[in-house]
Amino acid sequence: MPLKEREDLQEQLIDIILQVLARNSQLHYYQGYHDIVVTFLLVVGGPLATLLVDKLSTHHLRDFMDPSMDNTKHILNYLMPIIELVNPELYDFMVRAEVGTIFALSWLITWFGHVLSDFRHVVRLYDFFLACHPLMPIYFAAVIVLHREAEVMECECDMASVHHLLSQIPQDLPYETLISKAGDLFVQFPPSELSREAAQQHQAERTAVSTFKDFELASTQQRPDMVLRRRFRDSVRPEHGNKTVLAKPRTNRLVKLAVMGLTVALGAAALAVVKSALEWAPKFELQIFP
């Protein structure tokens, strides 16, 4: 594409996004939204793309455009129940690998527009999704995973290996066959039957998040500066009504020397750990992300 044409399309893309967001103040831009908008722009042009994207943003894409990703994560939680119902063995393998569903996030929020290189396949899927229930992209994601069962089962049963495999979608998939299978799964296992399992997974994640937040809050109370502040407050004792006096801190040279010695020792140990980590980390990163 010539540079001038590409720059013109980029300007139109920005205009469409800003117009939609200006008309719908309740919507929030998300990373990947532009992949969907640019697809409509390339197919139908600016004016019609604006109308279509505006309607789509308040319907099919509405859950992705909330202030948080809670609803998006909830939709992702439909993926594993579908796989479990169709192929329990594959489901058990993915659970043991603890791969989760994050590998399918970009598939869902861009309608696969971000991960497929052949534009013909992208627009074919867009036609399919436009004509179907808003949750159809997650059924199609499940069909892709089920189609690649043999590849997945040959992987090492760990998160890094399975995530790396699934995040790379083959470009030669039998799309028409997969579209047909996704439609069949939707009829066989409608969202209403999967909602309980998805809600349970969502609740489990919320519980984990809540636990982490509680732990994080507790940890902040153990930071050195927080401890020192508490000790300072404790040392200020009320006396004679509103007057306060600062209790004189006790000093001990031996304690100070011991603390200084411990600090130096810990500093030397930390430097040694950092040095060894820097030598080891690149090798580890290459093993996880070849």
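Values reported hereafter were calculated over all heavy atoms of this structure, with side chains retained and with hydrogens, waters and symmetry mates removed. FYI, the numbering just counts along the sequence from 1.
With hydrogens and angles disregarded, a donor-acceptor distance shorter than 3.5 Å links the side chain of Ser167 to the backbone of His164. Thr39 places a side-chain N or O within donor-acceptor distance of the main-chain N or O of Asp35, the cut-off being under 3.5 Å. Remark: the backbone N or O of Asp158 is not paired with any side-chain donor or acceptor of Ser161 at under 3.5 angstrom.
Inter-residue side-chain proximity for Met80 and Val95 is flagged as met; some heavy-atom pair is nearer than 4.5 Å. A heavy-atom distance below 4.5 Å is not found between the side chains of Asn77 and Leu194. Taking the side chain as every heavy atom from C-beta outward, Leu27 and Arg62 approach each other to under 4.5 Å. The shortest distance between side-chain heavy atoms of Leu125 and Leu116 falls below 4.5 Å. Counting heavy atoms from C-beta on, the side chains of Cys157 and Met94 never come closer than 4.5 Å. Looking only at side-chain heavy atoms (C-beta outward), Tyr91 and Val86 stay at 4.5 Å or farther from each other. Between Phe112 and Ile169 there is a side-chain heavy-atom pair separated by less than 4.5 Å. Residues Met69 and Leu105 have side chains in contact (heavy-atom distance under 4.5 Å, counting atoms from C-beta outward).
Annotation for Val187: hydrophobic cluster partners, listed by chain and number, are none (ILVMFWY side-chain heavy atoms under 4.5 Å, direct or chained).
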I would like to know whether His60 and Leu56 meet side chain to side chain contact (heavy atoms under 4.5 Å, CB included); could you show each step before the answer? CA-CA 5 Å; His60 284 64; Leu56 194 65; 3.5 Å; yes
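Annotation for Glu156: atom CD does not count as buried by contact number, only 12 or fewer foreign heavy atoms lying within 6.0 Å.
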Output a table of donor-acceptor pairs, distance under 3.5 Å, between side-chain atoms of residues 129-146 and any protein atom two or more places apart or on a different chain; print 'none' if there are none.
unit_1: His133; atom_1: ND1; unit_2: Leu135; atom_2: N; d: 3.0
unit_1: Tyr139; atom_1: OH; unit_2: Phe189; atom_2: O; d: 2.5

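Residues satisfying the ring pair (Phe, Tyr, Trp, His ring centres under 6.0 Å) test with His121, not counting sequence neighbours, are Tyr175. Tyr126 meets the ring pair (Phe, Tyr, Trp, His ring centres under 6.0 Å) test with Phe40, Trp111; sequence neighbours excluded. Contacts of Phe128 classified as ring pair (Phe, Tyr, Trp, His ring centres under 6.0 Å), with partners at least two apart in sequence or in another chain: none.
Using a cut-off of 4.0 Å between Lys/Arg side-chain N and Asp/Glu carboxylate O, Arg96 and Asp92 are scored as not salt-bridged. Using a 4.0 Å cut-off between a side-chain N of Lys or Arg and a carboxylate O of Asp or Glu, Glu7 and Lys4 do not qualify as a salt bridge.
Sorted by first and then second residue, the salt bridge (charged side-chain N to carboxylate O under 4.0 Å, His left out) pairs with a member in residues 11-31 form an empty list; sequence neighbours excluded.
Linking ILVMFWY side-chain heavy atoms closer than 4.5 Å, directly or via other members, places Val53 and Val44 in a single hydrophobic cluster. Clustering ILVMFWY residues whenever any of their side-chain heavy atoms sit less than 4.5 angstrom apart, transitively, puts Leu61 in the very cluster that holds Tyr29. Two different hydrophobic clusters hold Met159 and Leu79 under the rule that ILVMFWY side chains link at heavy-atom gaps under 4.5 Å.
Under the 3.5 Å distance criterion, with hydrogens and angles disregarded, a donor-acceptor pair is assigned to the side chains of Glu149 and Asn87. Between the side chains of Ser117 and Gln171, at least one donor N or O lies within less than 3.5 Å of an accepting N or O. One side chain, Tyr33 or Ser57, offers a donor N or O that lies under 3.5 Å from an acceptor on the other.
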